[in-house]
Every structure is written in structure tokens, then in C-alpha cells.
Amino acid sequence: MRDDDCNDDVNGDGSVVIMLDDGTLVDEDGNTTTGVVDWYEDYNMIASGVSSVTKIRFESLYNQSKFISLYPEHTRTIIGALFDLEVKQVTSGYGSNNYLPNYSSSRRDT
């Protein structure tokens, strides 16, 4: 869900708060913080229940130099994710085009 134009601050309060699966609150850099949670590692910890989930975040870290040291001919990497989602039925369309939004983005931190 994040690139240079789409911030992780889901609720727009000026800070990003992630609740780890042990209940600890951290910011984007992993530092302990406080505030209203934007992201949960474990959806079972969402107070309003899983039916209130509106976004799913997938983050992957790739150590390119490590792979190249192990496999010198290594030139490409593919990462995939599969989510088994149950989408709520609604009686009217969602958004201007009557469909659920699908957003995907990637970024490369150097």
C-alpha cells in the first residue's frame, strides 16, 4: 500500500502506528510509539473485528547483495502473494465504477 504518493498513515493523523502481533505499537522504523493504530500484524487484534478490514498490506525485504554472493548469476526476483478474501455483498455499487478498488504498488529503497 505504500509508495511515494500513498502514505501508510491510513487515518491521516500525521503518524504511522503498527500493532505487532505481540501487541507492541511501533512506527515505520520499528521504534516503540503510541497513538491510533493504522496497521495490525494480526487481524484478530482489530477491536471492531475482521469485517472492518479495508486494506491489506504486504511488505517484503530482499537482500540483493546476499543473493548475489550466494548465486553470482542471480539477476531477477519474483515475489508473489495470495490472499483468500471474503468480500461483503452490498446492495449498491462501491465507488464511481461499481467495483472494489484494487491497488498495487512497489518501491525500491536504496
Quick check: do V26 and T24 have side-chain heavy atoms less than 4.5 Å from each other? yes

Quick one: CE on M19 to CG on D38, what's the gap to the nearest 0.5 Å? 11.5 Å

Can you tell me if D9 uses its side chain to pair, donor with acceptor, with the backbone of D13 under 3.5 Å? yes

Any luck finding a side-chain donor-acceptor pair between N31 and T33 under 3.5 Å? no

Contact check, side chains of I18 and L25, non-hydrogen atoms, under 4.5 Å: no

Kindly give the heavy-atom pair with the smallest separation between D22 and M45, and that separation in Å. C-CE, 4.4 Å

State the OH-NZ distance between Y71 and K66, to the nearest 0.5 angstrom. 10.0 Å

Heavy-atom distance under 4.5 Å between the side chains of D27 and V16, does that happen here? no

CD/Q64 to CD1/I68 distance, rounded to the nearest 0.5 angstrom? 4.5 Å

Of the non-hydrogen atoms in E41 and L20, which two are nearest, and what is the gap between them? OE2-CD2, 3.3 Å

